[in-house]
Amino acid sequence: MIIQEDYTVDEAEEKLFEDEYDEEKLIVYDKSKKGFYVKQRHFDMNDIRLLAECIYSSKFIAEGQAKRLVDVVCDFVSEHQAEKIRHNAF
C-alpha cells in the first residue's frame with residue numbers, strides 16, 4: 001500500500017485501521033521489527049504442498065504442464081517456501 005499509493009507509514013496505518021472489511025490487512029508493517037510481514041495468506045503452505053504433489057502424481061497431466069501448474073500454485077507462498085515445495089514434490 002505504501003509503495004502503490006505513496007503513503008507514509010502513518011498514513012498507511014491509519015488507512016488500514018479504517019478498513020472495516022480487512023481487505024487490505026494481509027500485509028502489515030511492524031514498527032518493532034521495522035519491516036513488513038504477511039499477516040494472512042490465502043493458502044497454507046501444507047495446502048500448496050498437497051496441491052503440488054497431486055499435480056505431479058497425476059497420470060493425465062504432462063510433465064511440462066505439471067511444472068507450469070505448480071509454478072502457478074507456488075505463487076501463493078514465498079520464493080523460499082516454493083523452492084522447498086518443488087524440491088520435496090520431486
Side-chain angles (χ1 to χ4, degrees):
M1 172 182 276
I2 291 173
I3 295 169
Q4 287 180 340
E5 303 296 330
D6 198 25
Y7 291 133
T8 65
V9 173
D10 294 329
E11 290 171 336
E13 284 180 348
E14 183 179 322
K15 178 102 169 120
L16 290 172
F17 181 74
E18 295 171 355
D19 182 24
E20 64 185 80
Y21 296 109
D22 291 339
E23 292 174 345
E24 298 178 347
K25 292 184 181 175
L26 296 177
I27 299 176
V28 179
Y29 181 77
D30 187 356
K31 284 184 178 180
S32 64
K33 296 180 182 175
K34 297 181 181 176
F36 293 89
Y37 70 95
V38 178
K39 182 177 178 182
Q40 175 185 356
R41 293 194 181 270
H42 294 287
F43 297 100
D44 186 67
M45 184 171 160
N46 293 326
D47 297 336
I48 301 299
R49 180 179 285 129
L50 178 63
L51 287 170
E53 289 173 1
C54 289
I55 291 168
Y56 282 132
S57 66
S58 174
K59 296 181 191 288
F60 58 88
I61 298 176
E63 184 179 345
Q65 290 176 321
K67 286 182 181 180
R68 186 184 62 77
L69 284 171
V70 169
D71 286 341
V72 170
V73 169
C74 284
D75 283 343
F76 290 105
V77 294
S78 70
E79 291 179 20
H80 178 69
Q81 292 171 328
E83 288 302 317
K84 281 185 177 179
I85 290 170
R86 287 185 192 103
H87 177 57
N88 291 342
F90 278 118

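Checked against side-chain hydrogen bond (donor to acceptor under 3.5 Å, both in side chains), Asp75 has no partners two or more places apart in sequence or in another chain. Here Val70 pairs with Ala52, Ile55, Tyr56, Cys74, Arg86 under the side-chain contact (heavy atoms from CB on, under 4.5 Å) rule; sequence neighbours left out.
Atom CG of Leu50 sits about 10.5 Å away from atom CD1 of Ile85, to the nearest 0.5 Å. Note that the CD atom of Glu83 and the CD atom of Glu79 stand 8.0 Å from one another [nearest 0.5 Å]. The CG atom of Leu69 sits 12.0 Å away from the SG atom of Cys54 when rounded to the nearest 0.5 Å. Taking CD1 of Ile48 as the start and NZ of Lys84 as the end, the distance is 15.0 Å to the nearest 0.5 Å.
One hydrophobic cluster holds both Val73 and Phe60 under the rule that ILVMFWY side chains link at heavy-atom gaps under 4.5 Å.
The shortest side-chain heavy-atom distance between Glu63 and Lys67 falls under the 4.5 Å cut-off.
What you find for Val77 and Met45 is that their closest heavy atoms are CG1-CA, 4.3 Å.
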